[in-house]
Amino acid sequence: MSEHHSRSPRNQRGHGRPQPGRGQRPRTQGGDKRAGGKGPRFAGSTKPGQPTRLPDRPRTDDVDVHDPHGVRLQKLLAAAGVGSRRVCENLIAEGRVEVDGHIVTELGVRIDPKRQVVHVDGDRVNLDEERVYLAFNKPKGVVTTMNDELGRPSIADYLGNRNDRLFHVGRLDADTEGLLLLTNDGDLAHRLQHPAYGVLKTYLAQIQGPVPRDLGKRLREGVELEDGPVKVDSFRVVDSQPGKALVEVVLHEGRKHVVRRMLAETGHPVLSLVRTEVGPIRLADLRSGRTRKLGRAEVAALYKAAGL
């Protein structure tokens with residue numbers, strides 16, 4: 001029997017193979033040996049949103065990620081909404097769970113949810129219950145700050161009496177409304193708003209018309225602003241009426257007033273502006289001034305978009 005599958009000590013009666021406890025140190029598996037990384041749907045799965053395929057992961061060295069003072073991995077996964085305890089045990093046994101980049105296959109592994117990173121089928125799972133992820137529909141006239149020295153309406157006025165310190169992902173000027181993400185996950189917030197990570201933001205802008213046929217091409221090729229050139233990732237006309245038009249602008253830039261400035265530079269000043277998407281998160285039907293908690297799949301999608 002290989003090093004990766006050493007036998008656990010038998011109990012005092014000499015029967016069975018007990019799961020490792022605090023006194024034993026389970027080992028991680030060296031990699032998934034199934035060809036192509038695909039396998040049957042695991043037992044006990046009933047929800048269509050649960051993982052159904054094995055990850056295509058390279059083999060890794062045998063690394064001990066076990067923390068004897070931590071919490072059992074399957075318990076944390078179940079609490080995070082991945083599935084029932086039985087489903088999570090099956091996921092681990094099938095080699096579909098990674099801790100700190102290493103596949104874990106033994107059920108006795110304990111980890112620290114605040115320190116260690118877990119992926120299921122390649123999607124990161126948030127195990128830290130203290131982390132908060134919210135979508136907020138910022139109304140027009142509200143400044144993007146948690147505390148405004150001038151006494152203007154701010155984000156804090158819409159959050160109630162929260163004790164956690166939240167970061168807003170990027171900014172929207174007072175005259176712009178729409179989607180803001182709020183979180184106390186500083187690393188994620190930084191990556192989502194930094195242009196180097198290429199997370200797209202989508203805006204609907206009402207501009208002065210008519211819209212020339214080459215406007216999209218000009219914006220995609222780049223517009224020179226006073227602080228350097230900027231170009232959109234995509235552009236399309238959603239609706240056109242006499243004297244005005246509704247256009248969709250998608251870009252990963254985060255400079256101040258960048259959408260307003262680039263459209264004004266092309267001769268089409270913005271009449272109104274709404275941000276409708278940040279990466280995979282959509283504003284959808286969230287009412288102005290309201291917040292909602294992001295679901296597990298949405299948080300995982302944000303991690304993936306940010307490369308975490």
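None of these values were measured; they are calculated from a predicted model.
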> For the atom pair CZ (Arg131) and CG (Leu188), what is the distance rounded to the nearest 0.5 Å?
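That separation rounds to 8.5 Å.
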> Is any side-chain heavy atom of Ile111 less than 4.5 Å from a side-chain heavy atom of Val118?
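Ile111 vs Val118: side chains touch.
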> Under the criterion salt bridge (Lys or Arg N to Asp or Glu O under 4.0 Å), I'd like the reasoning laid out for Asp214 against Arg218: C-alpha separation, chi angles, the key distance, then a yes or no.
CA-CA 6 Å; Asp214 67 341; Arg218 291 174 60 191; 5.1 Å; no
> State, to 0.1 Å, how close Cys88 and Gln74 come at their nearest heavy-atom pair, and which atoms those are.
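Looking at all heavy atoms of both residues, the closest pair is CB-O, 3.8 Å.
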> Between Val258 and Val278, is there a shared hydrophobic cluster once you connect ILVMFWY residues whose side-chain heavy atoms come closer than 4.5 Å?
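They do not share one cluster, since no chain of ILVMFWY contacts under 4.5 Å joins Val258 to Val278.
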> Is it the case that one hydrophobic cluster holds both Val132 and Val169, taking links as side-chain heavy atoms less than 4.5 Å apart, direct or via other members?
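No, Val132 does not connect to Val169 through the hydrophobic network.
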> Hey, does Val104 have a side-chain heavy atom less than 4.5 Å from the side chain of Val65?
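The answer is yes, as the side chains (C-beta and beyond) meet within the 4.5 Å cut-off.
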> Does Val237 reach the side chain of Leu246, with side-chain heavy atoms less than 4.5 Å apart?
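No, their side chains stay 4.5 Å or more apart.
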> What's the verdict on side-chain contact (heavy atoms from CB on, under 4.5 Å) for Glu265 and Val223, showing C-alpha distance, side-chain angles and the deciding distance?
CA-CA 8 Å; Glu265 184 66 25; Val223 176; 3.3 Å; yes
> Determine whether Thr145 and Ile155 satisfy the following criterion, side-chain contact (heavy atoms from CB on, under 4.5 Å), listing intermediate values before the conclusion.
CA-CA 6 Å; Thr145 181; Ile155 298 173; over 6 Å; no
> Without swapping roles, check the side chain of Asp148 against the backbone of Arg152 for a donor-acceptor pair under 3.5 Å.
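The answer is yes, because a donor-acceptor pair under 3.5 Å joins these two groups.
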> Is there a donor-acceptor pair closer than 3.5 Å between any side-chain N or O of His268 and the backbone N or O of Gln208?
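Present.
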> I need the Arg124 CZ to Arg296 CZ distance, nearest 0.5 Å.
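Reported value, rounded in 0.5 Å steps: 14.0 Å.
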> If only atom types and distance count, is the side chain of Asp123 paired as donor or acceptor with the main-chain N or O of Ala300 below 3.5 Å?
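No, because the side chain of Asp123 does not come within donor-acceptor range (under 3.5 Å) of the backbone of Ala300.
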> Are Leu166 and Val142 in one and the same hydrophobic cluster, where Ile, Leu, Val, Met, Phe, Trp and Tyr link if side-chain heavy atoms are under 4.5 Å apart?
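Linked within one cluster.
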> Between Pro113 and Glu129, is any pair of side-chain heavy atoms under 4.5 Å apart?
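The answer is no; the side chains never approach within 4.5 Å.
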> Same cluster or not: Val125 versus Val99, using hydrophobic residues (I, L, V, M, F, W, Y) connected whenever any side-chain heavy atoms lie under 4.5 Å apart?
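Same hydrophobic cluster.
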> Connecting only ILVMFWY residues whose side-chain heavy atoms lie within less than 4.5 Å of each other, what is the rest of Val250's hydrophobic cluster?
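Via sub-4.5 Å side-chain contacts, Val250 links to Leu200.
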> Is there a side-chain contact (heavy atoms from CB on, under 4.5 Å) between Leu271 and Ile207 once you walk through the steps?
CA-CA 5 Å; Leu271 305 176; Ile207 62 175; 5.8 Å; no
> Which heavy-atom pair separates Ser154 from Met146 by the least distance, and what is that distance?
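Taking every non-hydrogen atom into account, OG-O, 4.0 Å.
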> For a quick test of reading the model, state the closest non-hydrogen atom pair linking Leu294 to Ala135 and the distance between them.
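Smallest heavy-atom distance, with atoms named: CD2-CB, 3.9 Å.
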> Would you check, one step at a time, whether the test salt bridge (Lys or Arg N to Asp or Glu O under 4.0 Å) holds for Asp233 with Arg220?
CA-CA 6 Å; Asp233 291 86; Arg220 284 188 291 269; over 6 Å; no
> I'd like to know whether Met262 forms a side-chain contact (heavy atoms from CB on, under 4.5 Å) with Leu219, so could you lay out the CA-CA distance, the side-chain angles of the two residues, the decisive distance to 0.1 Å, and finally the verdict.
CA-CA 8 Å; Met262 69 187 309; Leu219 292 172; 3.8 Å; yes
> Is there side-chain contact between Phe235 and Val247, with heavy atoms separated by less than 4.5 Å?
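Yes; the side chains approach each other to less than 4.5 Å.
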> Determine, stepwise, if the pair Glu177 / Lys138 fulfils salt bridge (Lys or Arg N to Asp or Glu O under 4.0 Å).
CA-CA 5 Å; Glu177 53 190 311; Lys138 187 189 86 67; over 6 Å; no
> I'd like to check Asn137 versus Leu179 (side-chain heavy atoms, cut-off strictly below 4.5 Å). Are they in contact?
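A side-chain contact under 4.5 Å is absent here.
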> When you look at CZ of Arg282, are more than 12 heavy atoms from neighbouring residues, nucleotides or ligands closer to it than 6.0 Å?
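Atom CZ in Arg282 is not crowded, with 12 or fewer foreign heavy atoms closer than 6.0 Å.
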> Count the heavy atoms of every other residue, nucleotide or ligand shown that sit under 6.0 Å from CD of Glu149, and state whether that count exceeds 12.
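At most 12 heavy atoms, drawn from other residues, nucleotides or ligands, come within 6.0 Å of this atom.
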> Check whether any side-chain heavy atom of Asp187 lies under 4.5 Å from a side-chain heavy atom of Arg191, and answer yes or no.
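They are in contact (side-chain heavy atoms under 4.5 Å apart), so the answer is yes.
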> Roughly how far, to the nearest 0.5 Å, is CG of Leu283 from OG1 of Thr202?
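Interatomic distance, Thr202 OG1 to Leu283 CG, rounded to 0.5 Å: 11.0 Å.
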> Search all heavy atoms of Lys201 against all heavy atoms of Val199 and return the closest pair with its distance.
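So the two residues come closest at NZ-O, 3.1 Å.
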> For His190 and Tyr197, take the angle between the two ring planes, folded into 0 to 90°, and tell me which bin it lands in: parallel under 30, tilted 30 to 60, perpendicular over 60.
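His190 vs Tyr197 ring planes: perpendicular.
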> To the nearest 0.5 Å, how far apart are CG in Leu159 and CG in Leu134?
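So the gap between those two atoms works out to 7.5 Å.
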> Any donor-acceptor pair under 3.5 Å linking the side chain of Asn126 with the backbone of Val299?
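No; zero donor-acceptor contacts below 3.5 Å.
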> What distance do Tyr203 atom OH and Leu251 atom CG have between them, rounded to the nearest 0.5 Å?
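Nearest 0.5 Å value for the OH-CG distance: 6.0 Å.
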> Nearest heavy-atom pair of Asp67 and Arg115: which atoms, and what distance?
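Minimum heavy-atom separation between Asp67 and Arg115: OD2-NH2, 3.5 Å.
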> Is a side-chain donor or acceptor of Arg171 paired with a backbone partner of Thr144 at a separation under 3.5 angstrom?
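Answer holds: yes.
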> Consider only side-chain heavy atoms of I, L, V, M, F, W and Y, link residues closer than 4.5 Å, and tell whether Leu225 and Val270 are in one cluster.
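As far as the 4.5 Å side-chain criterion goes, Val270 and Leu225 are connected within one cluster.
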> Is the shortest side-chain heavy-atom distance between Arg292 and Glu298 below 4.5 Å?
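Yes, close enough: below the 4.5 Å cut-off.
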> About how many Å separate CG of Leu192 and CG of Leu181, when rounded to the nearest 0.5 Å?
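Nearest 0.5 Å value for the CG-CG distance: 6.5 Å.
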> Against Thr176, only a single residue in Arg260, Arg275, His257 fulfils side chain to side chain donor-acceptor pair (under 3.5 Å); can you say which?
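Per the side chain to side chain donor-acceptor pair (under 3.5 Å) rule, the option paired with Thr176 is Arg260, out of Arg260, Arg275, His257.
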> What are the two closest non-hydrogen atoms of Lys140 and Asp175, and how far apart are they?
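Smallest interatomic distance, heavy atoms only, reads CG-O, 3.8 Å.
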> List the steps, then state whether side-chain hydrogen bond (donor to acceptor under 3.5 Å, both in side chains) holds for Tyr303 with Asp185.
CA-CA 11 Å; Tyr303 278 128; Asp185 188 335; 3.0 Å; yes
> Take Glu253 and Arg261 through the test salt bridge (Lys or Arg N to Asp or Glu O under 4.0 Å) and record every step on the way to the result.
CA-CA 12 Å; Glu253 279 275 4; Arg261 290 192 291 140; over 6 Å; no
